[in-house]
Student: 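I have a structure I would like to understand better, so I am pasting it below and will then ask my questions one at a time.
Owing to the predicted nature of the structure, the values given are computational and were not obtained by experimental measurement. A, B, ... follow the sequence lines: proteins, then strands. Residue 1 opens every chain.
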Number of protein chains: 4
Amino acid sequence: MTKESAGQHDKEQWIEELLAVKEDGQMTPKQISILEAAIEIFSDKGFSAASTSEIAQKAGVAEGTIFRYYKTKKDLLLSIVGPTMSRMIAPFVMRNFNGVLDMPFESYEAFLRAFIVNRLDFARKNFKIIRILVQEIPFQPALREQFAENVLAQVLERVTAITEHFKAEGEVIDAPTPAIIRFTVSSVIGYLLARLLLMPEKDWDDEEEISQLITFMLHGIGGPALREQ
Amino acid sequence: MTKESAGQHDKEQWIEELLAVKEDGQMTPKQISILEAAIEIFSDKGFSAASTSEIAQKAGVAEGTIFRYYKTKKDLLLSIVGPTMSRMIAPFVMRNFNGVLDMPFESYEAFLRAFIVNRLDFARKNFKIIRILVQEIPFQPALREQFAENVLAQVLERVTAITEHFKAEGEVIDAPTPAIIRFTVSSVIGYLLARLLLMPEKDWDDEEEISQLITFMLHGIGGPALREQ
Amino acid sequence: MTKESAGQHDKEQWIEELLAVKEDGQMTPKQISILEAAIEIFSDKGFSAASTSEIAQKAGVAEGTIFRYYKTKKDLLLSIVGPTMSRMIAPFVMRNFNGVLDMPFESYEAFLRAFIVNRLDFARKNFKIIRILVQEIPFQPALREQFAENVLAQVLERVTAITEHFKAEGEVIDAPTPAIIRFTVSSVIGYLLARLLLMPEKDWDDEEEISQLITFMLHGIGGPALREQ
Amino acid sequence: MTKESAGQHDKEQWIEELLAVKEDGQMTPKQISILEAAIEIFSDKGFSAASTSEIAQKAGVAEGTIFRYYKTKKDLLLSIVGPTMSRMIAPFVMRNFNGVLDMPFESYEAFLRAFIVNRLDFARKNFKIIRILVQEIPFQPALREQFAENVLAQVLERVTAITEHFKAEGEVIDAPTPAIIRFTVSSVIGYLLARLLLMPEKDWDDEEEISQLITFMLHGIGGPALREQ
DNA sequence: CATGAATGAGGTTTCATTCAT
DNA sequence: CATGAATGAAACCTCATTCAT
């Protein structure tokens, strides 16, 4: 984490998380420097335009050292975004192994709110890595595959279950689930993008904005003139 | 435009448009080849990972020829996405010079529908260039600036006017305009992405889907259980 | 060709030969410089230990220039030794297309003498390339294959035919042809090695030495004490 | 020695021999592993193309350990081929210190046979090391020098003595000794190469082949038509 | 003794760009 | 106008060697 982004986002939590992935937390300081530098530079210039020599310099190690830890530059990329992908689905892979669909939310609105807050937090803490992931997914088949299989599929399955649950409860209208999910996810991502990427420096009242967004999602933006119809 | 994408999108209209920009339609066949090849390759591999020699080869010209028309590789990029940016705002810069806000839509819903149909058409016809633009905006300050000034600002101004017009008419709820716009635009872009990028091969019934989406936007996805409250 | 070897061998003839291979003799001076430098350095230090930068320097071209002509360093190697291999078999692929075995030698001895003189000349003129070939054959499967198929097989077939011809004439003893060929070829190569590689500076009377060698091959080195038995 | 060559050559005897060189047989298991691995890899890929890290890996030791025993990679090479060179001359440095030329062979043919059998055995047991030696001699002045002084000179001296002894006895013809030696040695080496390198998998009847070869050497391959002359 | 992390020089190769033809 | 040979800086990566542990 470097100065220029310090005020913008919390200290990214990737280190602890990446460490947690390793069985015994083995990671030398140099390796951490390398990852930090790589995240910074990949995020700033894009994977292709980033040079290993610049990463080495920023990390304060010799260029060869990078290749002790990561066989190729692409390896370095994958070992940054790979674990983050795994962590993306964490909130969706909740315990429901007892056969019953475990539904910890009392209402669809509560679910939406929890979901948005949680993902905003995650996005804030993993901002740069997500940026890298989004930038590189179109060009790295390996990434795309991993994302499709390990993230999209998992999340879709779970979100479909939740949506249909609340559809049955009457809290969500009886429309095609994929369309509902598309609509929901777009709205949330749109908010996250505006919040973190387009206007990060604006003074946001997150609670208020999220409430607003949820109202839009549930009741639409149609005015009184429409409802009379 | 190459064969493999022919079935997917209409022939991209950029050529005529780019030509229209030039005062007298001056563009040699070689220059057109270069642009075609560059669009294809920039879109496939990203700007940094694309090589001018590959572009030259695909265009069927000598390497040096590219640099006769475009001083640098970045110049080539800019002359591809620049004009497209200009054309992005076309539907928003409509005649309202007579002092009155010229509002050609009878209802907000009609506006939304026209807007979505129009942008879907535009996105389909300029798919690859938009892909390049979106990919490179984060890394090219020149692009970002041009986009912010010439596109975002213009569009926002016009969309704000429209939204507030319909807010006054009671067709749109009385909520902060920026939040409404964010919500609207996110939903539309989400649809376009799913439609053209994520699942282009799916058999879409656009009219039906757009109607659905507009319903969601105007009335939300809340079910009967919510409305009783 | 550089000074240090100038006195030792004739000007190597590879250039004309390589040129002859190209359909229209197209070879820029730079490309010739590169080949000359590469032959010199590969021969002196071995393929692996030779560096392209050293070759470029010796050739007086930029390092990148090498890779315009030869995609990889190994390509450069192959384009040096490949054509030479083809030329190795030239004297063996003589006209015998009229169905008859065309035998231009009146005696086995005449054949041996012509053969040795001819190969000594060839080896002298292609000394360095042969050195490279011999050094690298064990490590380059591509070379080994080409050699086995295009050189060994062809030569063996022809030499077998010749040997059996003279066996039928009673000029060669009735022993297994492979053993005879092994013996003959070893003796000749042994002479060439001593002549060109081990003691090139010695003052050789080639005609005399070759006669001697042929006597050894035909009548052996057994002395009178043996013949009485 | 690895499995794949086990059936082909006897277990190489270099270990005992190398140990014998050391005054007190001091060689740790690690050092032996290193030598084994180095022989294998130098022989397979050539000295320059072999990497110390690969050797370390194959030997099951740390990279640094190699440099504890051998100051440089070249040192490692020399300590492999050096001792083997010493052992090459063993059969030639027989006791003849009593002033008389000690000649343990009753006939030239017996000498040739013993010599070939003995060297075939040696070559078989030291196949890989000899391969390395032959490959690297052109590029390592240190090797070349040691070979010239300690091997060639010694062997030549002894072989010259033997040859002239049998020339005096009338068993070898009265021709220049160097030419005779060249011829003899070429023939023998040619056989060894074919036997061990070119066609190792062929089913050789060594005794028969060697007899044949000796006949060729002593009586030539000239047929009856020649002898009448 | 043994390790293996670290180095940094040097390897091969790519590439945007220039310029004589 | 168009070419493509030539460039040389910089890319990614390898490797023999060192040294603190």
Student: Using whole Å, what does the distance between atom C1' of nucleotide E:dA6 and atom CE of A:M27 come to?
Tutor: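 Distance check: A:M27 CE to E:dA6 C1' gives 18 Å.
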
Student: Could you tell me the separation between the CD atom of B:Q31 and the C1' atom of F:dT3, rounded to a whole number of Å?
Tutor: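 Interatomic distance, CD of B:Q31 to C1' of F:dT3: 17 Å.
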
Student: Do side-chain atoms of C:Q135 reach the backbone of C:G46 as a donor and acceptor pair under 3.5 angstrom?
Tutor: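 No, because the side chain of C:Q135 does not come within donor-acceptor range (under 3.5 Å) of the backbone of C:G46.
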
Student: Nearest-nucleotide wise, let me know which of A:T28 and C:T52 is further upstream toward the 5' end of DNA chain E.
Tutor: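 Final value for this comparison: A:T28.
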
Student: Please confirm whether C:K73 makes a cation-pi placement over C:F47, using NZ or CZ under 6.0 Å from the six-membered ring centre and within 45° of the ring normal.
Tutor: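 Relative to the ring axis of C:F47, which defines the angle, C:K73 lies inside both limits.
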
Student: If you pin D:S51 and C:P29 to their nearest nucleotides in DNA chain F, which one's is more 5'?
Tutor: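 Counting from the 5' end, the first nearest nucleotide belongs to C:P29.
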
Student: Could you check how far CD1 of A:I55 sits from P of E:dG8, rounded to whole Å?
Tutor: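 Rounding to the nearest Å, CD1 of A:I55 and P of E:dG8 are 18 Å apart.
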
Student: Just wondering, do B:M85 and B:L133 contact through their side chains at under 4.5 Å, heavy atoms?
Tutor: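 In short, these two side chains touch, coming nearer than 4.5 Å.
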
Student: At their closest point, which heavy atom of B:I39 faces which heavy atom of B:I129, and how far apart are they?
Tutor: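 Closest approach of B:I39 to B:I129: CD1-CD1, 3.8 Å.
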
Student: Just the rounded figure in Å: distance from C1' of E:dT14 to CD1 of B:I41.
Tutor: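 So the CD1-C1' distance, B:I41 to E:dT14, works out to 15 Å.
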
Student: If you round to the nearest 0.5 Å, how far is CD1 of B:I55 from CZ of B:F42?
Tutor: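 Reported to 0.5 Å precision, the distance equals 4.0 Å.
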
Student: Within the 4.0 Å heavy-atom criterion, would you say C:A49 contacts the bases, only the backbone, or no part of the nucleic acid?
Tutor: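 Nothing, no heavy atom under 4.0 Å.
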
Student: Could you check whether C:Y69 and C:S79, counting side-chain N and O atoms only, form a donor-acceptor pair closer than 3.5 Å?
Tutor: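 No pair is found: no donor N or O on one side chain lies under 3.5 Å from an acceptor on the other.
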
Student: By nearest nucleotide on DNA chain F, pick out whichever of C:G60 and D:K74 is the more 5' one.
Tutor: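 Comparing both residues, the 5'-ward one is C:G60.
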
Student: Under a 4.0 Å heavy-atom cut-off, which of residues 61-73 of chain C touch DNA chain F?
Tutor: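 Those residues whose heavy atoms fall under 4.0 Å from DNA chain F, taken from residues 61-73 of chain C in numerical order, are C:V61, C:A62, C:G64, C:T65, C:R68, C:Y69.
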
Student: Using whole Å, what does the distance between atom P of nucleotide F:dC12 and atom CD1 of A:I34 come to?
Tutor: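 To the nearest whole Å, that distance equals 14 Å.
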
Student: Give the stems involving DNA chain F, where a stem is 3 or more consecutive Watson-Crick or G-U wobble pairs (i with j, i+1 with j-1, and so on) under 3.5 Å.
Tutor: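 DNA chain F forms these stems: E:2-21 with F:2-21.
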
Student: Donor-acceptor pair, distance only, cut-off 3.5 Å: does the side chain of A:S33 make one with the backbone of A:P29?
Tutor: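 Yes; at least one donor-acceptor contact below 3.5 Å.
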
Student: Send over the distance from A:K30 NZ to F:dC19 C1', rounded to a whole Å.
Tutor: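 Atom NZ in A:K30 sits about 13 Å away from atom C1' in F:dC19.
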
Student: Classify the nucleic acid contact of C:A56 as base, sugar-phosphate or nothing, counting any heavy atom under 4.0 Å across all strands shown.
Tutor: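 Nothing, no heavy atom under 4.0 Å.
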
Student: Run the salt-bridge test on D:E36 and D:K58 with the 4.0 Å N-O cut-off and return the result as yes or no.
Tutor: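 A salt bridge is absent here (no side-chain N lies under 4.0 Å from a carboxylate O).
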
Student: For C:S53 and B:F47, take the nucleotide of DNA chain E holding the closest heavy atom to each; which residue's nucleotide lies nearer the 5' end?
Tutor: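 Counting from the 5' end, the first nearest nucleotide belongs to C:S53.
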
Student: Could you grab the distance from atom NZ of B:K128 to atom CD1 of B:I80, nearest 0.5 Å is fine?
Tutor: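 CD1 of B:I80 is found 12.0 Å from NZ of B:K128.
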
Student: To the nearest Å, give me how far apart CD (B:Q57) and P (E:dT14) are.
Tutor: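 In whole Å, E:dT14 P lies 13 Å from B:Q57 CD.
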
Student: Measure the distance from CD1 on A:I32 to C1' on E:dA6 and round it to the nearest whole Å.
Tutor: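 That distance rounds to 16 Å.
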
